[in-house]
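Below is one structure; the comments refer to it alone.
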Amino acid sequence: MASLTLSLRTEHPGWKKALKSPKALLTSAAKAALQAGACDLSGKVEIAFLLTDDAEIVALNKMWRRKAKPTNVLSFPALPEASPPGGPVFLGDVAMALETVLAEAEAQNKNVEAHVAHLAVHGVLHLLGHDHLSADEAKPMERMEQDVMKSLGYPDPYREVKR
């Protein structure tokens, strides 16, 4: 199993109100995703997380995906040359938008911590090359997410919660 270094940049103060210990939450979610992600990484790996707001996510989404709208999480896998020879493997960046994440948690009647953990798992699986563009890709990725969330003690993120 790879050893994870997680860097965290919090750009919006609302994240500190929404989560008790964001770095610990993201680290445990990322480690579990790495373990489940069927990757053959060993040694040291790095992931950078950005906790920001909808405005920054819109700018990133527009620049990189040509979609001028907010989204909950964006993943940016690193190019192989981003990792120094003999150094840790930099997997990439994961960014989350506070307003969208909070609105989704409220609308879906989910605990914010559980929702953020799920989005972190989802984002890290993207860094490892998993995707959900087709049903054939989506089902295995969702199954991994469900398994990881269960291993972390959270409910199935795809189960509809009734109010």
How far apart are the closest heavy atoms of [X] and [Y], and which atoms are they?
X: A29; Y: A120; answer: CB-CB, 3.8 Å
X: A30; Y: I47; answer: CB-CD1, 4.3 Å
X: P77; Y: S75; answer: CD-O, 3.6 Å
X: L125; Y: A33; answer: CD2-O, 3.8 Å
X: D93; Y: L127; answer: O-CD2, 3.7 Å
X: V58; Y: A68; answer: CG1-C, 4.1 Å

NZ/NE/NH1/NH2 to OD/OE distance under 4.0 Å, E11 and R9: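 The answer is yes: the pair qualifies as a salt bridge.
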Side-chain H-bond candidate by donor/acceptor type, N72 with T100, under 3.5 Å: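 Judged by distance alone, the side chains do not pair up.
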Flag for H130-H126: side-chain donor and acceptor within less than 3.5 Å: no
Taking the side chain as everything from C-beta on, heavy atoms only, tell me whether [X] gets closer than 4.5 Å to [Y].
X: L51; Y: L26; result: yes
X: H12; Y: D54; result: no
X: V73; Y: I57; result: no
X: E99; Y: D53; result: yes

[Y] reachable from [X] in the ILVMFWY side-chain graph, under 4.5 Å edges:
X: F49; Y: L102; value: yes
X: L74; Y: L98; value: no
X: L4; Y: L50; value: no
X: L152; Y: M144; value: yes
X: M141; Y: M149; value: yes

Co-members of F90 in a cluster of I, L, V, M, F, W and Y side chains, linked at under 4.5 Å: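 Hydrophobic cluster check, F90: no partners found.
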Are any side-chain N or O atoms of [X] and backbone N or O atoms of [Y], one a donor and one an acceptor, separated by less than 3.5 Å?
X: T27; Y: A24; answer: no
X: K23; Y: L6; answer: yes
X: N61; Y: K69; answer: yes
X: W15; Y: P22; answer: no
X: K44; Y: V89; answer: no
X: E145; Y: H122; answer: no

side-chain contact (heavy atoms from CB on, under 4.5 Å) between V124 and L34, intermediate numbers included: CA-CA 7 Å; V124 171; L34 286 171; 4.1 Å; yes
Parallel, tilted or perpendicular, as decided by the 30° and 60° cut-offs, for the rings of H118 and H115: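 Taking H118 first and then H115, their aromatic rings sit tilted (interplane angle of 30° to 60°).
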For Q146, the option from K150, E142, R143 that meets side-chain hydrogen bond (donor to acceptor under 3.5 Å, both in side chains):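 Output: one option passes, namely R143.
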